[in-house]
2 protein chains.
Amino acid sequence: MTYSDKLINYYETVARECVLGLSLDCVIFGFHDTRLKVLLVRWRGTKEWCLPGGFIYKTESVDAAAGRVLYERTGLTQLFLQQFHLFGDAVRYDVENTWQRQKMPMPFGSGTWPSRTISMGYYALVDYTKVTPTADFLSDECDWFDVFELPSLLYDHRQIINVALKTLRLQLNWQPIGLNLMPEKFTIPELQRLYEAVLGRPLDARNFHKKISSLSILTRLNERRTGGAHKSPYLYQFDLTNYQKALVNGNLIFV
Amino acid sequence: MTYSDKLINYYETVARECVLGLSLDCVIFGFHDTRLKVLLVRWRGTKEWCLPGGFIYKTESVDAAAGRVLYERTGLTQLFLQQFHLFGDAVRYDVENTWQRQKMPMPFGSGTWPSRTISMGYYALVDYTKVTPTADFLSDECDWFDVFELPSLLYDHRQIINVALKTLRLQLNWQPIGLNLMPEKFTIPELQRLYEAVLGRPLDARNFHKKISSLSILTRLNERRTGGAHKSPYLYQFDLTNYQKALVNGNLIFV
DNA sequence: GCAAAAGTGTTGTGATTACACCCATGC
DNA sequence: GCATGGGTGTAATCACAACACTTTTGC
């Protein structure tokens with residue numbers, strides 16, 4: 001059985017068992033080395049990348065389907081995962097061009113397969129250090145990219161990432177961004193780098209420290225991060241109880 | 001041809017021409033007599049109400065489909081219309097119970113019709129005075145209801161309205177709520193009633209007046225609203241240029 | 001005249017911003 | 001010892017919340 005046959009077989013299975021005409025695209029954000037990252041997969045046999053995505057089983061909730069896609073690519077469960085936009089334009093991208101770039105028999109126009117696909121966008125925030133990027137049946141590779149240095153993307157996925165980033169910025173104050181993107185232990189300057197990476201502008205270290213401290217959402221550990229050619233910063237971890245309270249009160253403001 | 005036959009015919013047409021398994025529900029907010037209103041339709045031959053909704057033609061954008069549904073129920077075009085949530089639980093409501101309450105042959109389980117429906121929620125803000133509520137093929141009646149005094153609703157539509165209201169409250173500061181819900185000319189106390197209706201709590205008249213004035217988004221007209229047994233308030237209208245600026249700056253804050 | 005709502009200003013408080021120096025570490 | 005980044009406090013400004021009385025109108 002050639003890969004091409006397998007692919008056709010795959011689309012037949014999807015057409016039988018999944019909701020037709022609706023798909024998911026997941027923008028998975030991570031944070032590493034002062035940069036905001038996004039997880040992409042490389043389409044099999046090509047140099048084209050795209051967002052991890054998938055279909056929804058007929059008896060599965062849409063949120064659960066998004067969780068499943070994320071688990072398959074990252075190995076993580078219980079992620080921070082959130083709807084952000086339904087991409088439903090009548091013509092979202094150049095189907096012909098995309099088909100050629102994917103170098104694969106695509107099911108478009110086959111009768112059972114719809115000629116256009118509506119896609120629900122989810123974004124996820126994950127701890128970069130805990131992710132094991134894993135390719136799937138349709139892809140050769142799965143890897144992180146700097147959100148400001150993206151490769152050539154299939155479909156309208158660049159636009160989807162832009163909308164996700166815009167949403168992330170708006171929700172920075174109301175959502176547990178730090179909690180989900182940082183590793184368990186981290187320093188305050190590292191957390192500041194995350195906020196700076198998301199907002200795209202520098203923040204004042206003293207004001208950041210003061211603000212974070214005033215929220216009582218962090219616990220200082222009796223450990224320091226050593227190795228840098230400078231004063232060793234303290235390590236912190238989130239105080240979950242107080243973090244929840246601060247979120248409910250909408251106090252996490254860095255606009 | 002009986003109505004029942006027509007209904008079956010309708011669902012067959014939808015199955016042929018529309019995206020299957022995905023529908024729209026529109027929460028249309030209006031403001032009248034100091035109360036926040038929502039537009040509902042009464043299911044034909046029953047006392048059950050539900051949100052105006054519809055399906056998406058295969059070649060139509062989802063946003064355009066929502067605009068179409070709204071036009072059909074209100075007669076308005078160019079409405080403020082916004083996605084707010086995708087309702088995609090595997091089991092959203094008791095299908096059997098709903099079917100009985102609708103007293104109609106429903107297409108569920110007919111083979112071509114999917115056994116579950118995912119629904120995209122849109123909310124719209126409209127000028128109550130300009131709306132002509134119009135029933136459709138599936139409904140006997142279309143009318144406004146106080147958002148806090150809703151009748152018995154089909155499906156999970158009460159929950160959808162709750163989510164829409166929550167979204168509206170969150171977006172009160174960032175979206176042109178007043179511009180879309182108020183008639184062309186209005187008084188500042190009337191605008192204050194709208195904010196109070198959305199937020200569900202009273203606001204201080206002096207602070208409200210001061211805040212609104214400081215934004216320079218209103219133009220005072222040389223007219224007053226007469227007829228009340230009290231001092232006649234000035235009429236105002238929105239200064240669109242400055243309104244847009246204030247929105248971009250995120251200044252419209254009444255949290 | 002009287003009831004009902006409109007219109008208006010000041011003050012206190014809390015949050016945000018701007019800003020500069022010393023300290024610890026690795027090399 | 002020196003370069004690098006970490007850690008810390010104060011003062012000015014701004015936005016928001018609390019608060020009371022006079023004016024206008026219809027009846």
Side-chain angles (χ1 to χ4, degrees), chain A residues 33-35 172-174 178 182 185-197 199 201-237 242 245-247 249-255, chain B residues 33-35 169 172-174 182 185-197 199-237 245-247 249-255:
Chain A
D33 196 19
T34 79
R35 311 284 277 181
L172 190 58
N173 306 323
W174 319 97
M182 298 304 284
K185 298 174 181 181
F186 54 89
T187 69
I188 289 191
E190 282 163 7
L191 184 63
Q192 187 182 331
R193 301 293 161 266
L194 166 62
Y195 275 83
E196 290 173 336
L199 291 171
R201 64 180 172 84
L203 298 171
D204 182 279
R206 278 164 299 191
N207 292 337
F208 187 85
H209 193 283
K210 201 189 326 173
K211 178 73 180 175
I212 287 285
S213 305
S214 76
L215 296 171
S216 316
I217 57 175
L218 298 184
T219 309
R220 188 160 92 174
L221 306 174
N222 284 325
E223 288 179 75
R224 288 156 174 268
R225 165 99 62 218
T226 55
H230 46 73
K231 188 169 176 177
S232 310
Y234 287 101
L235 286 169
Y236 288 79
Q237 61 186 19
N242 286 334
K245 278 187 210 158
L247 281 174
N249 297 334
N251 283 336
L252 302 182
I253 298 190
F254 293 90
V255 174
Chain B
D33 196 19
T34 79
R35 310 284 277 182
R169 283 181 179 158
L172 190 57
N173 307 322
W174 319 97
M182 298 305 284
K185 298 175 181 182
F186 53 90
T187 69
I188 289 191
E190 282 163 8
L191 184 63
Q192 185 182 332
R193 301 292 162 268
L194 166 61
Y195 275 81
E196 290 173 334
L199 291 173
R201 64 182 172 83
L203 297 171
D204 181 278
R206 278 163 300 187
N207 292 336
F208 187 84
H209 193 284
K210 203 188 326 172
K211 177 75 181 170
I212 286 286
S213 304
S214 75
L215 295 172
S216 315
I217 57 174
L218 298 183
T219 308
R220 187 159 92 173
L221 305 174
N222 283 326
E223 290 179 75
R224 288 157 175 268
R225 168 98 63 218
T226 54
H230 46 74
K231 189 168 175 177
S232 308
Y234 286 100
L235 285 169
Y236 289 78
Q237 62 186 20
K245 277 188 212 159
L247 281 175
N249 296 334
N251 283 337
L252 302 181
I253 299 190
F254 293 91
V255 174

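Below, chain A is the first sequence line, B the second, and so on; all start at residue 1. Keep in mind that the numbers below use all heavy atoms, side chains included, and drop hydrogens, waters and symmetry copies.
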To the nearest angstrom, how far is Leu235(B) atom CG from dA6(C) atom P? 12 Å
Roughly how many Å is it from CG in Leu203(B) to P in dC19(D), rounded to a whole number? 15 Å
Show, in sequence, the C-alpha distance, side-chain angles and deciding distance for Arg169(B) and Leu172(B), and conclude whether the side-chain contact (heavy atoms from CB on, under 4.5 Å) test is met. CA-CA 5 Å; Arg169(B) 283 181 179 158; Leu172(B) 190 57; 5.7 Å; no
Determine the minimum heavy-atom distance between Leu203(A) and Phe208(A), stating which atoms define it. CD1-CD1, 3.9 Å
What are the residues of residues 225-234 of chain B, sorted by number, that bring a heavy atom to within less than 4.0 Å of DNA chain D? Gly228(B), Ala229(B), His230(B), Lys231(B), Ser232(B)
In plain terms, say whether Arg35(A) and Asp33(A) are close enough for a salt bridge, that is, a side-chain N and a carboxylate O under 4.0 Å apart. no
Nearest non-hydrogen partners of Leu194(A) and Gly178(A), listed with the distance: CD2-CA, 3.8 Å
To the nearest Å, how far apart are Arg206(B) CZ and dC16(D) P? 17 Å
Applying salt bridge (Lys or Arg N to Asp or Glu O under 4.0 Å), which residue pairs with at least one partner in residues 214-223 of chain A are found, sequence neighbours left out? Lys185(A)-Glu223(A)
d(CD1, Ile212(B); P, dC16(D)) in whole Å: 12 Å
Grab the N/O contacts between the protein and nucleotides 10-13 of chain D below 3.5 Å, and write none if there aren't any.
| residue | atom | partner | partner atom | Å |
| --- | --- | --- | --- | --- |
| dT10(D) | O4 | Lys210(A) | NZ | 3.0 |

In whole angstrom, what separates His209(A)'s NE2 from dG9(D)'s P? 10 Å
Arg193(A): side chain to side chain donor-acceptor pair (under 3.5 Å) partners, not counting sequence neighbours: Glu196(A)
Specify the closest pair of heavy atoms between Asn242(A) and Ile217(A), including all atoms of both residues, with the distance to one decimal. O-CG2, 3.7 Å
Where Ala197(B) and Thr34(B) come nearest, the two heavy atoms and their spacing: CB-O, 3.9 Å
Mind listing the closest non-hydrogen atom pair of Lys210(B) and Asn207(B) along with its distance? NZ-OD1, 3.2 Å
Under the salt bridge (Lys or Arg N to Asp or Glu O under 4.0 Å) definition, can you give me all pairs with a residue in residues 224-237 of chain B, not counting sequence neighbours? Glu190(B)-Arg225(B)
State which residues pass ring pair (Phe, Tyr, Trp, His ring centres under 6.0 Å) with Phe186(A); sequence neighbours excluded, sorted by chain then number. Phe238(A)
Integer-rounded Å distance: dA6(C) C1' and Arg220(B) CZ: 11 Å
Taking any heavy-atom pair under 4.0 Å as a contact, classify Arg193(A): base, sugar-phosphate, or nothing. sugar-phosphate
Provide, to the nearest angstrom, the distance between the CZ atom belonging to Phe208(A) and the P atom belonging to dG5(D). 18 Å
Grab the OH-P distance between Tyr195(A) and dT16(C) for me, whole Å please. 13 Å
Could you work out how much the helix from dG1(C)-dC27(D) to dC27(C)-dG1(D) bends, comparing the axis of its first five pairs with that of its last five, to 10°? 10°
